[in-house]
Amino acid sequence: MIVCKFGGTSVANAEQIRKVANIIKSNPARKIIAVSAPGKRFGDDIKVTDMLIELADAALNNGDVTKKLQAVVNRFKEIAEDLGLDNSICEVIAKDLQERIAYDKTNEFIFIDNIKASGEDNNAKLIAEYFTSIGMPAKYVSPKDGLVLNDFPERTYALAESYENLKNLGSGDEIVVFPGFFGYTKEGILRTFDRGGSDITGSILAASVKADLYENFTDVDCVFSANPKVVNDPVGISEITYREMRELSYSGFSVFHDEALMPVYKLSIPVNVKNTNNPSAPGTKILPTRTLTGRPVTGISADNGFSILYVSKYLMNREIGFGRKLLQIIEEEQISYEHTPSGLDDISVIIRSNQLTEEKEQRIVTRVKEELHADDVYFRHGISMIVIVGEGMRNNTGLAARAAAAISRTGANIEMINQGSSEVSLVFGVLSQTENQILRALYDEFFAPITVG
């Protein structure tokens, strides 16, 4: 059995949904699909999810709900009409949105999640209806029927019982169309994954049914070794390991959600990233292991929006529990951290900036000074993380020196260096304004054509 996930651009309009139908029809093993909300149809278009966020904001702030709700319905109506469906599916969608708008608004976060999730939910209903109308019997399955998520306030994840609940999906003759991005707690409260979370849903479904393959359809032929918007014509990746893909996705690769690999990784289910617009292209295979090539580096990615908490204290290295106490202060502010490079007398904690406020920063600085008696404490903002990833890096001497030399040639300064014990990734913290320049320099260093002789 093959489980497929189709992203927003793959289901943005009727033309794209016809392509999806042809892909499913071409292989009877494709029995389960997870779908996103309709994405952009052209460059300046707005995603349905963004329209829904605007709708939720209007509902919470006494804005023009009627106009914004109708805009969403019209978007689905246009798709339905272009697919030759009657108006009944649009009536279902309109009724669903009206009911969601009427939900209790006491908890604004839950209310917004309910509105946002309607994009995936209603698109799944529409696509199932279309498949059936063209002789491909299909059924919409709601996440209420088995995708059980944890409670607030922890980061959203599927509980173990979800896999048992969903194990028989696709066992019938009908194609299962399942909305991505959300599920429900045991109390019946809707929760969403992070944006891009439809990848996670597809992975959960693949693990639940123990699929032979999980196909993730997007709008590019493969995963590239660097961002093609920054690097001109980067090398495509034909095979990559779970670990490599996880590192790259976490640090900026937008093709695949960084949390989506865990369910399939545990069962060694291979993943194939493919192009809805060019389904015959082989794509990129994500595997437990792969044959190493002549290049030690598989990919280079970059992500911005980081801050550094810098703490120094003389003889810090001899003080038992200093790191634990520091991280506990951060934990008590409901903040997660990314890296903690350190020296004898100083330690840096890398944090995603969107978790911080001026008040939180001030509390952290004050507590570290008063409770840990630090000599110096401050935050630095506007930091990007450049990550070099490759299974072959472990057996390649001098790679860090090559990377640092390439960065130095740009004239940029390195704010932080961190390498895990697995030696699969090497992380450089740099000022965000130098990010693209450094990314191009590192690509030229490690992906220049290999010459023989």
Side-chain angles (χ1 to χ4, degrees), residues 3 5 7 34 155-158 163 180-181 193-207 211 213-218 220 222-227 234-274 283-293 295-306 336-341 350-352 384-394 399 418-429 439 442 446:
V3 172
K5 175 262 177 178
R155 191 182 183 93
T156 311
Y157 62 87
Y163 300 94
F181 186 46
F193 297 109
D194 288 345
R195 291 196 74 167
S198 291
D199 289 349
I200 301 175
T201 300
S203 185
I204 291 168
L205 298 180
L213 177 66
Y214 171 36
E215 293 180 324
N216 193 287
F217 282 88
T218 180
V220 292
C222 63
V223 177
F224 294 102
S225 53
N227 186 349
V235 172
I237 300 172
S238 59
E239 290 187 354
I240 187 170
T241 65
Y242 294 127
R243 183 161 51 176
E244 289 172 320
M245 192 68 222
R246 165 94 166 91
E247 293 277 359
L248 291 169
S249 297
Y250 155 77
S251 53
F253 268 37
S254 59
V255 173
F256 204 79
H257 194 289
D258 68 293
E259 293 180 31
L261 285 172
M262 186 54 67
V264 291
Y265 164 76
K266 289 180 178 178
L267 297 176
S268 296
I269 296 170
V271 180
N272 199 357
V273 178
K274 292 177 70 68
T284 297
K285 292 182 176 64
I286 308 174
L287 307 165
T289 60
R290 66 175 179 86
T291 303
L292 298 183
T293 64
R295 286 193 176 98
V297 174
T298 302
I300 306 169
S301 63
D303 199 11
N304 52 36
F306 291 91
S336 61
Y337 69 94
E338 309 295 323
H339 307 279
T340 54
I350 314 301
I351 297 167
R352 289 196 181 268
S384 288
M385 294 291 141
I386 309 280
V387 183
I388 302 172
V389 175
E391 294 282 358
M393 289 169 53
R394 282 172 294 189
L399 189 139
N418 195 28
Q419 183 171 31
S421 58
S422 66
E423 298 184 38
V424 173
S425 66
L426 180 62
V427 183
F428 293 92
L439 187 61
L442 289 171
F446 293 107

Check side-chain contact (heavy atoms from CB on, under 4.5 Å) between [X] and all other residues, then give those that pass, not counting sequence neighbours.
| X | answer |
| --- | --- |
| V235 | S225, Y443, F447 |
| S336 | E338, Q355 |
| V220 | T218, F224, V255 |
| A207 | Y163, P263, L267 |

(message) With heavy-atom distances below 4.5 Å as the criterion, would you say the side chains of I237 and M245 are in contact?
(response)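 Counting from C-beta outward, I237 and M245 never come under 4.5 Å.
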
(request) Using a 4.5 Å cut-off on heavy atoms from C-beta on, say whether the side chain of I240 contacts that of L248. (result)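 L248 reaches I240 side chain to side chain.
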
How long is the span from the [atom1] atom in [X] to the [atom2] atom in [Y], to the nearest 0.5 Å?
| X | Y | atom1 | atom2 | value |
| --- | --- | --- | --- | --- |
| D199 | N216 | CG | CG | 4.5 Å |
| K5 | I200 | NZ | CD1 | 10.5 Å |
| T289 | R243 | OG1 | CZ | 11.0 Å |
| L426 | L442 | CG | CG | 9.0 Å |
| L439 | I300 | CG | CD1 | 6.5 Å |
| M393 | R295 | CE | CZ | 15.0 Å |

(request) Kindly say whether A260 contributes a backbone atom to a donor-acceptor pair with the side chain of S203 at under 3.5 angstrom? (result)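 A pair under 3.5 Å: yes.
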
Closest approach of [X] to [Y] (non-hydrogen atoms, all atoms of both residues):
| X | Y | answer |
| --- | --- | --- |
| A34 | L205 | CB-CD1, 4.2 Å |
| P234 | A226 | CG-O, 3.4 Å |
| P341 | I350 | CD-CG1, 4.3 Å |
| V271 | L261 | CG2-CD2, 4.3 Å |
| A206 | I269 | O-CD1, 3.4 Å |
| S425 | E247 | OG-OE1, 3.4 Å |

Once side chain to side chain donor-acceptor pair (under 3.5 Å) is applied, do any residues pair with [X], and if so which ones, sequence neighbours excluded?
| X | answer |
| --- | --- |
| E244 | T241, R290, T298 |
| D303 | R352 |
| T156 | R191 |

(request) In sequence, state the C-alpha distance, the side-chain angles, and the governing distance for Y214 and I286, and then conclude on side chain to side chain contact (heavy atoms under 4.5 Å, CB included). (result) CA-CA 10 Å; Y214 171 36; I286 308 174; over 6 Å; no

(request) Mind checking ring-ring contact (aromatic ring centres under 6.0 Å, His included) for Y242 and listing every partner two or more places apart, or none if nothing turns up? (result)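 With neighbours one apart ignored, the set is Y265.
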
(message) Just to verify, what does F217 make a ring-ring contact (aromatic ring centres under 6.0 Å, His included) with, not counting sequence neighbours?
(response)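 With sequence neighbours excluded, F217 shows a ring-ring contact (aromatic ring centres under 6.0 Å, His included) to F6, given in chain and number order.
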
(message) Suppose we screen for salt bridge (charged side-chain N to carboxylate O under 4.0 Å, His left out). Which residues come up paired with E239, at least two apart in sequence or across chains?
(response)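 Scan of E239 (salt bridge (charged side-chain N to carboxylate O under 4.0 Å, His left out), adjacent residues dropped) gives none.
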
